[in-house]
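What follows is one structure encoded as C-alpha cells, with my remarks underneath.
Note on naming: letters A, B, ... go to the chains in the order of the sequence lines (proteins, then strands), and numbering restarts at 1 for each one. These numbers were taken from a predicted model, which means no experiment stands behind them.
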There are 4 protein chains.
Amino acid sequence: MTLHAPESRARPGRPRSERAHRAVLEAAADLLLEGGLGAATIEAIAARAGVSKVTIYKWWPTRGAVAVEAYFYRYHQTMDFQDTGDLASDLRAQIAGVLKAFRGRAGAVMAALIGEAQSDPDLAETLRASWIEPRRVASATVVQRAIDRGEVRADVDVQLLLDQIYGPIYFRLLLGHQPLDDSLALSLVRTALDGVRA
Amino acid sequence: MTLHAPESRARPGRPRSERAHRAVLEAAADLLLEGGLGAATIEAIAARAGVSKVTIYKWWPTRGAVAVEAYFYRYHQTMDFQDTGDLASDLRAQIAGVLKAFRGRAGAVMAALIGEAQSDPDLAETLRASWIEPRRVASATVVQRAIDRGEVRADVDVQLLLDQIYGPIYFRLLLGHQPLDDSLALSLVRTALDGVRA
Amino acid sequence: MTLHAPESRARPGRPRSERAHRAVLEAAADLLLEGGLGAATIEAIAARAGVSKVTIYKWWPTRGAVAVEAYFYRYHQTMDFQDTGDLASDLRAQIAGVLKAFRGRAGAVMAALIGEAQSDPDLAETLRASWIEPRRVASATVVQRAIDRGEVRADVDVQLLLDQIYGPIYFRLLLGHQPLDDSLALSLVRTALDGVRA
Amino acid sequence: MTLHAPESRARPGRPRSERAHRAVLEAAADLLLEGGLGAATIEAIAARAGVSKVTIYKWWPTRGAVAVEAYFYRYHQTMDFQDTGDLASDLRAQIAGVLKAFRGRAGAVMAALIGEAQSDPDLAETLRASWIEPRRVASATVVQRAIDRGEVRADVDVQLLLDQIYGPIYFRLLLGHQPLDDSLALSLVRTALDGVRA
DNA sequence: AAGTAATCGAGACGGTACGTCCGGTCTTCCT
DNA sequence: AGGAAGACCGGACGTACCGTCTCGATTACTT
C-alpha cells in the first residue's frame with residue numbers, strides 16, 4: 001500500500017494566504033479588463049488587491065505571469081472540443097468559439113499578452129504551455145481521428161495544418177489588417193481541406 | 001510678387017539636420033540589433049546618436065516609430081516578387097525569402113515590433129501601412145493573375161488565402177511553438193492550393 | 001585686467017531650478033522640526049516640496065546631506081563670537097548661546113544628525129566641516145588671544161581645552177544623562193580655567 | 001502529587017531555549033563586528049543565529065536592545081576602577097582603559113549605538129542604565145573620596161567634573177574631529193584638576 | 001547687415017513604476 | 001508553552017525612462 005499525497009504534507013510555516021492569492025487575480029483581471037495590460041502594473045494590482053507588492057513578487061515572477069493566470073482565472077474558457085466524426089464541422093465549431101472570444105475583450109487581452117511575451121520569455125513559455133498547447137492537443141486529436149478514418153491524407157503535417165487554420169486568426173488579431181468575421185470559420189476550414197485550386 | 005513652386009517653398013529657419021536624422025536611425029538600428037526593442041529606449045538612442053531627446057521627439061512620436069523606421073532603414077528588404085506564371089512556385093519563392101529573414105535577427109525585431117504594436121496604436125498602423133500592406137498588394141497581384149489565368153477558383157477570398165499562407169509564419173514567429181523551417185514554403189503552398197482531403 | 005568669474009560661465013542645458021532647491025530645503029526643515037530626522041525621508045521631502053525624488057538625489061547624496069543643509073538653511077545661527085579681552089566672559093557668552101539653542105528643537109535635530117552621521121561618513125564629514133570647524137576656529141582664536149595676552153598658559157593644548165568645554169555639552173545632548181542648564185556656562189569655564197584642586 | 005520548590009516552580013510549556021538566546025547574541029556580536037550596527041538587522045541576526053525573528057522580538061524590543069546586550073556579552077569590559085588615594089593617577093588609569101577600548105572595534109560599535117539611540121529612546125535608556133551609569137557611579141566614588149580627603153574643593157559639581165573628563169572623549173569618538181590619543185589621559189586630568197590659568 | 005525663425009545640444013524637471021529591503025505581525029506545525 | 005518556519009502588509013529605498021521644459025548656440029531665409 002502506498003502512502004498517498006506526500007506533496008500535501010503540511011509544511012512548517014504560515015501557509016500561503018488563499019485570500020491574498022484570489023484577491024491578486026481578481027484585481028489583475030479587473031485591471032486587464034478596464035485598461036488592458038498597460039494598466040495592470042504590479043503596483044496597481046497590489047493596491048487594488050490590498051496586498052503588498054512583495055506578496056505578488058513572491059508568487060509570480062513578472063506582471064505578465066500574473067496577467068496570464070488572471071486571464072485564465074477570469075476567462076477560464078470552456079474548451080469543449082467536440083468530435084462528431086465530421087472533421088469540417090468539428091473544426092468550424094472550435095473556430096467559431098475562438099472567433100467569438102477574440103472579438104471581445106478577451107481577444108484584446110490575449111493580443112496584449114502575446115505582445116508582452118515578445119519581451120518576456122517566461123510569459124512566452126507560459127502562454128505556450130497553458131494556452132496554446134492544450135488547444136493544439138485537442139485539435140490535433142480531432143484531426144488524427146479524421147486521418148484514421150481516411151478522411152484526411154495520411155502524410156499531412158498536422159501541426160502545420162493547425163497553424164494554417166489558427167495562424168490566420170492570430171495574425172488578424174495581432175495585426176488587425178482584416179476583421180475576425182464569423183465567416184472565417186467556414187472559409188478557413190474549406191481552404192484547408194480542399195484548397196483553392198480551380 | 002514672386003511665385004515659388006509650393007512644394008519646394010524653402011521655409012525660414014534652420015533646416016532639419018540630416019546628420020542628426022541619420023545618426024538616430026543608425027543608433028536605433030544598432031540598439032535593436034544588440035539588445036532588441038527593450039534596449040532601444042529613447043534615452044539610449046539619444047545618447048548613442050549624440051542627439052538630444054527633444055530632437056527625436058521632434059521627428060518621431062514614439063520609440064516604436066523610430067524603431068520601425070530604423071528597421072526599414074537597416075533591413076530595407078529587397079521585396080522582389082516574381083510573377084512567372086506558376087502561382088505555386090512564385091509563392092514559394094516569396095515565402096522562402098520571408099522565412100530566411102525571420103529566422104535571423106530581423107525576425108526577432110519584427111516580432112518585438114508587432115509585440116510593441118499591441119500597446120501602441122500608432123506603431124500598429126505604421127506596421128500595417130509600411131510593412132504588411134506593400135507585401136500583401138504584391139502577393140495579391142500574383143494571386144489575382146492566377147485567378148485570371150483560371151489557375152485558381154474565381155470565388156476565392158484573396159485576403160484570406162494570403163492569411164492562410166502568411167498567418168502561420170507570423171503565428172510561429174510570435175508564439176514560437178513550432179520552427180520556421182524552409183520546408184514550410186512547400187507545405188504551406190501545397191495545402192493552400194490543394195487542401196488536405198484524402 | 002582679469003577675466004572674472006570663469007566659474008559663472010553659463011553652462012549649457014536647463015539651469016538648476018532655484019525654486020525646487022529652496023522647496024526641498026524648506027520641506028526638509030519643516031519635517032525635521034515636526035517629526036525629527038526619522039520623518040525626513042526622501043519620499044516625504046519630495047512629496048511635501050512638490051519635487052521629484054530624482055531631483056533630490058541629483059543634488060544631495062543622502063537624506064543626511066539634505067538634512068544638514070536644511071538645518072543650516074533654517075537655523076542659520078548667528079555665530080557671533082565676541083572677543084572683549086576677558087576670556088572667561090567671552091567663552092561664557094558663546095556657551096550660553098549654544099546651550100540655549102540645544103535645549104530647543106535645534107538641539108534635538110543636531111543630536112539626530114550626529115546620530116545619523118555614525119552610519120553615514122559623508123554626513124559626518126559635512127557636519128565636521130560645516131558645523132564644528134567654523135565654531136572651533138572662532139573659539140580657538142579667542143583662546144589664542146588670551147594666550148597672547150598671557151592670560152592662559154602658553155603650553156595649553158587649545159583643541160583639548162575646547163573639547164573640555166564643548167565636549168560635555170554634546171555628551172549631555174547625546175546621552176541625556178544630565179540636563180543642559182544655563183549654569184553650565186559658568187561652571188564649565190570655571191573648571192577649565194581654574195581646575196578643581198582644593 | 002509532586003512538590004517543587006516554589007521559586008523553581010517549573011512553568012508549563014517548553015522552557016526558554018538558552019541555546020537560541022546565546023545564538024542570537026553571538027550572531028549579533030559577529031554582525032556588529034563585521035559590518036557595524038547597519039549590518040545587524042533583525043533579519044540578518046535571525047538568519048545567522050538560525051532563529052526565527054519572532055523569537056528575537058520575544059526577548060528584545062528593538063534591534064538596539066539586542067545590539068547593546070550583544071556588545072556587553074562580547075566585550076564585557078573588566079571595569080576595574082582602582083582607588084589608590086591619588087585622584088589624578090586613578091582617573092588616568094580609568095581614562096586610559098576607555099581610550100584603548102574606544103580606539104578599536106568597540107569604539108566604533110559604541111559610537112553606532114549612541115547614534116542609534118538618538119532615534120530609539122529605549123536604547124538610549126538602556127545605554128544610560130547599563131553603560132554610562134555604572135561607570136559614573138564608580139568614578140563619582142573615586143572623586144568623592146578625593147573630596148573627603150580634601151584633595152578637591154568641596155563645592156565641586158561632581159557630575160560636571162566627570163563630564164569634563166569623559167565628555168571630550170565621547171565628543172571625539174562621535175565627531176571624529178580629533179584623535180583619541182593616549183596622551184589625552186594625562187592632559188584631560190591635568191586641566192580638570194588645575195585649570196589652564198597662567 | 002540686421003532681424004526672424006526654426007533647429008540643435010545639453011540637461012534639469014515632475015512623474016510613474018520598478019524590484020528590493022527591512023520592520024513588525026500573523027499563523028501553522030513541531031517539540 | 002516555546003520555538004522554527006515563513007507568509008503577510010507597509011513603508012522607504014534608489015533607479016530607469018518617460019515626455020516636457022528651459023537654456024544658449026547655430027543656421028538658414030527675409031527684409
Side-chain angles (χ1 to χ4, degrees), chain A residues 9-21 38 41-47 49-59 61-63, chain B residues 2 9-17 19-21 23 38 41-47 49-59 61-63, chain C residues 9-21 23 38 41-47 49-59 61-63, chain D residues 10-17 19-21 38 41-47 49-59 61-63:
Chain A
R9 233 330 257 317
R11 291 180 311 148
R14 179 175 177 176
R16 174 173 182 177
S17 158
E18 270 313 310
R19 191 211 128 272
H21 188 231
T41 64
I42 296 278
E43 302 229 321
I45 296 171
V51 148
S52 84
K53 283 199 293 178
V54 176
T55 299
I56 299 183
Y57 283 114
K58 187 108 222 279
W59 302 110
T62 63
R63 76 170 182 174
Chain B
T2 56
R9 183 60 193 299
R11 290 182 311 152
R14 179 176 179 174
R16 172 174 182 177
S17 158
R19 190 210 130 272
H21 189 231
T41 65
I42 295 278
E43 303 228 321
I45 296 171
V51 146
S52 83
K53 284 199 294 177
V54 176
T55 301
I56 298 183
Y57 282 116
K58 189 103 221 278
W59 303 109
T62 64
R63 78 168 179 174
Chain C
R9 236 323 265 313
R11 289 180 313 147
R14 178 175 176 175
R16 174 175 182 176
S17 158
E18 269 314 310
R19 189 210 131 272
H21 188 230
T41 65
I42 298 278
E43 301 232 319
I45 296 172
V51 147
S52 84
K53 283 198 292 178
V54 176
T55 299
I56 298 182
Y57 283 116
K58 186 111 223 280
W59 301 110
T62 63
R63 75 170 183 175
Chain D
R11 288 182 309 152
R14 182 173 175 177
R16 172 172 180 177
S17 157
R19 191 211 129 272
H21 190 233
T41 64
I42 296 276
E43 304 227 322
I45 297 171
V51 146
S52 83
K53 285 199 292 178
V54 176
T55 301
I56 299 183
Y57 284 117
K58 188 109 220 278
W59 302 109
T62 64
R63 77 168 182 178

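- The nearest pair of heavy atoms linking T55(B) to A20(B) is CG2-CB, 4.5 Å.
- Nucleotide dG6(F) holds its P atom 19 Å from the NE2 atom of H21(A), rounded to whole Å.
- Interatomic distance, CZ of R63(C) versus OG1 of T41(C), reported as 7.0 Å (0.5 Å rounding).
- Rounding to the nearest 0.5 Å places CD of E43(B) at 10.5 Å from CD1 of I45(B).
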Base-contact (B) and sugar-phosphate-only (S) positions in nucleotides 14-21 of chain F, heavy-atom cut-off under 4.0 Å, - elsewhere: BBBSBBBB
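- For A49(A), the side chain to side chain contact (heavy atoms under 4.5 Å, CB included) test picks out A23(A), V24(A), A27(A), V51(A), with sequence neighbours left out.
- For the pair W59(B) and dC8(E), the criterion of a side-chain N or O lying under 4.0 Å from OP1 or OP2 is met.
- Separating the NZ atom in K58(D) from the OG atom in S52(D) is a distance of 10.5 Å, to the nearest 0.5 Å.
- Nearer the 5' end of DNA chain E, as judged by each residue's closest nucleotide, is the contact made by K58(B), out of K58(B) and E18(C).
- When all heavy atoms of G50(B) and R19(B) are compared, the pair lying nearest together is O-NH2, 4.2 Å.
- Each of S17(A) and T55(D) was assigned the nucleotide of DNA chain F with the nearest heavy atom; the assignment lying further toward the 5' end belongs to T55(D).
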